[in-house]
Protein chains: 2
Amino acid sequence: MLKITVVTSEDSGLCPVRNVLANVTGKWSSLILLSLEIGPLRFSEIKRTIGDITQRVLTENLRSLERDGYITRTVRPGPPVEVSYALTSMGANLVGILAPLVLWAEQSFDAVMTQRKQFDSLK
Amino acid sequence: MLKITVVTSEDSGLCPVRNVLANVTGKWSSLILLSLEIGPLRFSEIKRTIGDITQRVLTENLRSLERDGYITRTVRPGPPVEVSYALTSMGANLVGILAPLVLWAEQSFDAVMTQRKQFDSLK
DNA sequence: CAGTATCCTTTACGATACTG
DNA sequence: CAGTATCGTAAAGGATACTG
């Protein structure tokens with residue numbers, strides 16, 4: 001059985017779990033990482049894959065993921081410049097853990113929606 | 001190999017993955033779910049386990065998790081009233097997927113911090 | 001193409017006080 | 001004990017315009 005000390009009473013900035021998870025649990029982070037699972041992608045390709053993320057937010061998230069060591073950023077001089085992003089080995093490990101979660105989310109969509117409707121109907 | 005359609009170009013409210021993940025990727029959701037892994041806990045016990053979450057936010061998160069069907073809320077009349085929370089089978093499944101992520105976060109803490117320091121030192 | 005720069009809105013969260 | 005009610009802050013995200 002898995003025994004995890006969820007959180008200590010220390011400063012949140014020092015709680016390892018929260019500190020690391022914070023950059024994975026954003027609205028877009030996991031989707032961006034997943035999009036790189038098959039192979040490296042350029043900025044515009046990631047944007048197209050996600051669909052409705054803005055340029056500003058995508059840039060922000062990519063920087064954060066690069067900073068934590070999950071992806072690399074490679075510039076091929078242009079013009080036009082070509083910037084491609086790829087998973088590091090740590091990033092690939094993380095994707096290996098995130099993928100089941102995303103898959104689970106897909107599969108559980110119907111059940112969750114049903115639950116919500118029922119909960120909301122009880123006033 | 002895992003093939004996942006990360007996101008379609010539909011309305012975000014209709015994207016199954018994002019819709020379900022939204023309530024799991026909060027700052028506290030996963031930690032709350034994890035705290036219930038061993039067994040049911042009362043409100044104050046969850047609060048003590050997490051440490052620095054406020055009552056208001058804990059209540060908010062518990063409602064949201066209950067709404068989506070991950071946990072149940074049981075009231076034993078008092079006084080003092082005793083409210084206990086427990087994982088549903090769906091919640092238990094989710095925890096089974098989240099636990100590796102939390103464990104991974106713990107183990108990767110040092111590597112991530114090292115990466116950040118290095119990234120930040122490059123201006 | 002891959003970003004920055006602004007500006008604005010929303011949402012999550014924090015602090016504190018109060019209650020059946 | 002397990003909340004609710006208020007108020008305030010901060011961070012994430014959205015919209016749009018501009019640039020090397």
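Lettering follows sequence order; numbering is per chain, from 1.
- Contact check for A/F43 versus A/T59: side-chain heavy atoms found under the 4.5 Å cut-off.
- Of all heavy-atom pairs spanning A/E106 and B/V17, the tightest one is CG-CG2, 3.4 Å.
- The shortest non-hydrogen separation linking A/V95 to A/P100 is O-CD, 4.4 Å.
- Under 4.0 angstrom from either OP1 or OP2 of D/dA2 there lies no side-chain N or O belonging to B/R76.
- Between B/Y85 and the phosphate of D/dG3, there is a side-chain N or O to OP1/OP2 separation shorter than 4.0 Å.
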Please write out each protein N/O paired with an N/O of nucleotides 11-17 of chain C under 3.5 Å, distance rounded to 0.1 Å.
| unit_1 | atom_1 | unit_2 | atom_2 | d |
| --- | --- | --- | --- | --- |
| C/dC13 | OP1 | B/K27 | N | 2.9 |
| C/dC13 | N4 | B/R56 | NH2 | 3.3 |
| C/dG14 | OP1 | B/K27 | NZ | 3.3 |
| C/dG14 | N7 | B/R56 | NH2 | 3.3 |
| C/dG14 | O6 | B/R56 | NE | 3.1 |
| C/dG14 | O6 | B/R56 | NH2 | 3.3 |
| C/dA15 | N6 | B/R56 | NE | 3.3 |

Would you sketch DNA chain C in dot-bracket for me? Only Watson-Crick or G-U wobble pairs with both distances under 3.5 Å count, crossing pairs as [ ], other-strand pairs as |, the rest as dots. ||||||||||||||||||||

B/L62/B/R73 under side-chain contact (heavy atoms from CB on, under 4.5 Å): CA gap, chis, key distance, verdict: CA-CA 9 Å; B/L62 287 169; B/R73 176 177 180 274; over 6 Å; no

Assess the residue pair A/D120 and B/R67 against the criterion (side-chain contact (heavy atoms from CB on, under 4.5 Å)); give the C-alpha distance rounded to whole Å, side-chain angles, the decisive distance to 0.1 Å, and a yes or no. CA-CA 8 Å; A/D120 293 344; B/R67 186 169 102 104; 2.4 Å; yes

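- With rounding to the nearest 0.5 Å, the separation of CG in A/L98 from CD in A/E37 is 10.0 Å.
- Per the geometry, CD belonging to A/E82 stands 7 Å off P belonging to C/dA2, to the nearest Å.
- The side-chain heavy atoms of A/M90 and B/W104, taken from C-beta on, include a pair separated by under 4.5 Å.
- For D/dA2, the OP1/OP2 oxygens have a side-chain nitrogen or oxygen of B/R42 closer than 4.0 Å.
- Atom CD1 in B/I71 sits roughly 14 Å away from atom C1' in D/dA2 (whole-Å rounding).
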